[in-house]
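Everything on this sheet refers to the single structure shown next.
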Protein chains: 2
Amino acid sequence: MRRLSILGSTGSIGTNTLKVIDANPDSFDIKYLTAGSNAKKLAQQTRKYQPDAIAIADSQKADLLSGELSKLGVEILTGRKGLLEIAGRSDVDLVVNSIVGPPGMEPTYRAVQAGNHIALSNKESLVMAGNVIIAEARQRDVDIFPVDSEHNAIWQCLQGEEYGEVQKLILTASGGPFRNKPAQELARVTPREALDHPTWNMGKKITIDSATMMNKGFELIEAHWLFGISAENIDVLVHPQSIIHSMVEFQDGSIKAQLGLPDMKLPIQYALFFPEHRPVQWENTNLAEIGQLTFEEPNYKKFPCLRLAKQAIKLGGTAGAILNVANDLAVHAFLNEDIKFTQIPELVEKALDRIPIIKKPDFEEIVESQRETEKIVNKLIKKRK
Amino acid sequence: MRRLSILGSTGSIGTNTLKVIDANPDSFDIKYLTAGSNAKKLAQQTRKYQPDAIAIADSQKADLLSGELSKLGVEILTGRKGLLEIAGRSDVDLVVNSIVGPPGMEPTYRAVQAGNHIALSNKESLVMAGNVIIAEARQRDVDIFPVDSEHNAIWQCLQGEEYGEVQKLILTASGGPFRNKPAQELARVTPREALDHPTWNMGKKITIDSATMMNKGFELIEAHWLFGISAENIDVLVHPQSIIHSMVEFQDGSIKAQLGLPDMKLPIQYALFFPEHRPVQWENTNLAEIGQLTFEEPNYKKFPCLRLAKQAIKLGGTAGAILNVANDLAVHAFLNEDIKFTQIPELVEKALDRIPIIKKPDFEEIVESQRETEKIVNKLIKKRK
């Protein structure tokens, strides 16, 4: 039985992780569950999986958990402090970090510091603090298993291979809802249009990141940290069907791809059972039925976020954190109709240009650069309103 | 320096092997070269690579080699006997068997008996004598590295993976020149039409095998022996662009594919340097430029050879040899316009039905079944003329 801690168990990846666990009975002992604010769902999960302890980050929701669940003998922690404490408990074999957004970054860092292997779904951890987290993971011999379908695909393609023989990583991208929209029309795009995404069912923030292709930019940065490949050797390839999840090209020109229908349960299961392909098949991919797969170059001019992400990789240090925070604020401003769609990358670029980058930051300096970016980008947004 | 023996060095795979060797100088010591009858080319290769010994199977061509080359101190062997002797010399690290057709089978067997690892391009070895050769290879701890692009792709996809976790092998097929021809028109197909194949530049026999899809049938049988997968778990998928060379589906539904432009030098180089991806890139595959990859189910009714090959796997024993010899004779009869295109699979099926199958043959019994099949199929062809 592998002992698990699931951070963010009530979100989309968290609940899919629990489905994978249900489908593989007697394989896991769930020691810890945490949620942001969905106390009701966390209580249900706690009754079902009987963890040793749970944490809810939103302290105001703690009361909803205490009465009934304390009878089960479950330890209940609350607030950000409680979440971080659970992330750092080391009596587990694997921490699944499926927290969405910047709040997921520090739990990853804490888990790594505690020497816990991590199945990582939280994008911000490596986008913002890749240098610190990867250095710490290396020092403590901690494995970071990517749950994201693209990085999971690359990871699968690299099994049995030497990283030094990689020539290029090829990240596939659906291209987002504006793939075929003329560039000059993007300035007039409304939040409503941008939220209508074809393939994956996602939250608002992530959907806008898909429309600007900043989500692919984040994945470029994650791929850089996960696999130690430089920005110029990571390509983005638009592949609207999202069947090929990503590819690796080796230095002899041989390309390996991992493919299948889009279903997060497959990469989650692979990360949980690595290196085993468990005999629970989530989807039956019939390529003859799918019929065709298409590919095109991404348009770096129309989607400057791709270029900005590569720039952040090259700048290094706190650039990833600045990029991420600036984008976060810009996306929210766009959703509030305070700025235009095309101003999202403009703001990110301004932030990268104006905020001094610390080349080898420690964790505190990354947190500090977040605060500074917030200040500056909020000012820029106010000016534009 | 890896010591190499190249059997069939003047053919297409043989010359491509030498191109790979030229591109990777100081990696190989070519000890032996053999050819069927192209004495002139063999002489050129001998001057360039200075092997210890050469063999020419066609004894009548031996005189063309003796004079000049004997001055180089090269040992010159002749006839079938000379070829087999070289195949069995064990002072090499790898034997490349790139002989085309049934004459390549026994050299593989001899090489395996001598304990030599083999880079295998000759199809007939495993199609006809898979059981004997694989059993012998296992006993002597001999590796058989597939050079064929499809099997090489599967082999690459299986690196770092457990064979026991494979659910399905997916062999891709161009579909041949008659992919879109209505089935009822196949009976009227002329040799000329059948010889016009789109993607690969091949010999006449192989081109007809591509038109009947028997070449894919052979590959089904080879895949069965190389990877130990049963007939029902090997699928054929028509993929006219021939970019994805083949795929492996694991028991969790994850699919790995190996892809690239069609160029035999890549799989040859991989087999020569396994497990290394050497930094000599033969082709730069640009999927955005290629644009689309398409897939369709093969038509088993229109192409009965696929079904017959699966039947031969299930029948086992000498069935592969019978299938191969019957097909060989039928294809030559078609090229001579003695039988119709659609009579090729009919003859193969008759042979499989009529000739008693020895379930666990030794090598001699396989050779004997060849002779018997020849007799019976030649009679059947005569009747039809």
Side-chain angles (χ1 to χ4, degrees), chain A residues 20 152-153 156-162 164-167 170 172 235 237-239 241 243-245 247-261 263 265-267 269-270 273 275-298, chain B residues 20 152-153 156-162 164-167 170 172 235 237-239 241 243-245 247-261 263 265-267 269-270 273 275-298:
Chain A
V20 169
N152 194 276
Q156 290 196 40
C157 290
L158 286 169
Q159 289 316 307
E161 302 286 358
E162 293 291 331
E165 293 176 6
V166 171
Q167 181 156 271
I170 303 167
T172 51
D235 283 1
L237 181 67
V238 174
H239 166 46
Q241 298 81 19
I243 296 296
I244 294 187
H245 298 314
M247 302 183 241
V248 175
E249 182 178 302
F250 296 93
Q251 55 188 2
D252 56 356
S254 178
I255 298 174
K256 272 192 195 179
Q258 189 269 339
L259 49 137
L261 292 178
D263 178 351
K265 292 193 283 303
L266 174 57
Q269 182 173 272
Y270 187 74
F273 284 102
E276 197 189 336
H277 292 280
R278 262 280 152 137
V280 173
Q281 183 172 337
W282 291 100
E283 292 280 358
N284 180 19
T285 307
N286 186 328
L287 281 170
E289 220 166 73
I290 293 163
Q292 68 165 10
L293 305 179
T294 63
F295 307 94
E296 55 195 75
E297 293 290 353
Chain B
V20 169
N152 194 275
Q156 290 197 39
C157 290
L158 286 169
Q159 289 316 306
E161 302 286 356
E162 292 291 330
E165 293 175 6
V166 170
Q167 182 157 271
I170 303 168
T172 52
D235 283 1
L237 181 67
V238 174
H239 166 47
Q241 298 81 17
I243 297 295
I244 294 187
H245 298 314
M247 302 182 240
V248 176
E249 181 178 303
F250 296 93
Q251 54 189 4
D252 56 356
S254 178
I255 298 175
K256 272 193 196 177
Q258 190 269 339
L259 50 138
L261 293 178
D263 178 352
K265 291 192 283 304
L266 174 57
Q269 182 173 273
Y270 187 75
F273 283 101
E276 195 189 339
H277 292 281
R278 263 280 153 137
V280 174
Q281 183 172 338
W282 292 99
E283 292 281 358
N284 179 21
T285 307
N286 185 330
L287 282 170
E289 219 166 75
I290 292 163
Q292 68 164 9
L293 305 178
T294 64
F295 307 94
E296 56 195 74
E297 294 289 354

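First the proteins, then the strands, lettered A, B, ... as listed; each starts at 1. All values below were derived from every heavy atom in this structure, side-chain atoms included, with hydrogens, water molecules and symmetry-related copies excluded.
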For this session: With sequence neighbours left out, write down each residue that passes side-chain hydrogen bond (donor to acceptor under 3.5 Å, both in side chains) with B/Glu276, or none if nothing qualifies.
Result: B/Arg278

Exercise. Does some side-chain heavy atom of A/Ile170 sit less than 4.5 Å from a side-chain heavy atom of B/Leu287?
Worked result: no

Seminar exercise, completed: When the 4.5 angstrom heavy-atom criterion is applied to B/Asp235 and chain A, the contacting part is neither

Exercise. Taking the side chain from B/Thr172 and the backbone from B/His239, do they hold a donor-acceptor pair closer than 3.5 Å?
Worked result: no

For this session: Work out which heavy atom in B/Thr294 is nearest to a heavy atom in A/Gln292; give both atom names and the distance.
Result: CG2-CB, 3.9 Å

Problem set entry | Contacting moiety of A/Glu297, where chain B heavy atoms sit under 4.5 Å | both

For this session: Measure B/Leu293 against the heavy atoms of chain A and call it side chain, backbone, both or neither at under 4.5 Å.
Result: both

For this session: Give, as side chain, backbone, both or neither, the part of A/Leu266 having an atom under 4.5 angstrom from any heavy atom of chain B.
Result: side chain

Please tabulate, one pair per line, all N/O donor-acceptor pairs under 3.5 Å involving side-chain atoms of residues 248-257 of chain A, not counting sequence neighbours.
{"residue": "A/Glu249", "atom": "OE2", "partner": "A/Gln167", "partner atom": "NE2", "Å": "2.5"}
{"residue": "A/Gln251", "atom": "NE2", "partner": "B/His277", "partner atom": "O", "Å": "2.9"}
{"residue": "A/Asp252", "atom": "OD1", "partner": "A/Ser254", "partner atom": "N", "Å": "3.1"}
{"residue": "A/Asp252", "atom": "OD1", "partner": "B/His277", "partner atom": "ND1", "Å": "3.2"}
{"residue": "A/Asp252", "atom": "OD2", "partner": "B/His277", "partner atom": "ND1", "Å": "2.9"}
{"residue": "A/Ser254", "atom": "OG", "partner": "B/Gln156", "partner atom": "OE1", "Å": "2.7"}
{"residue": "A/Ser254", "atom": "OG", "partner": "B/Gln258", "partner atom": "NE2", "Å": "2.8"}
{"residue": "A/Lys256", "atom": "NZ", "partner": "A/Glu161", "partner atom": "OE2", "Å": "2.6"}
{"residue": "A/Lys256", "atom": "NZ", "partner": "B/Gln156", "partner atom": "O", "Å": "2.7"}

Exercise. Does any heavy atom of chain A fall under 4.5 Å from the side chain of B/Leu237, the backbone, both, or neither of them?
Worked result: side chain

Problem set entry | Under 4.5 Å from a heavy atom of chain A, the part of B/Pro279 involved | both

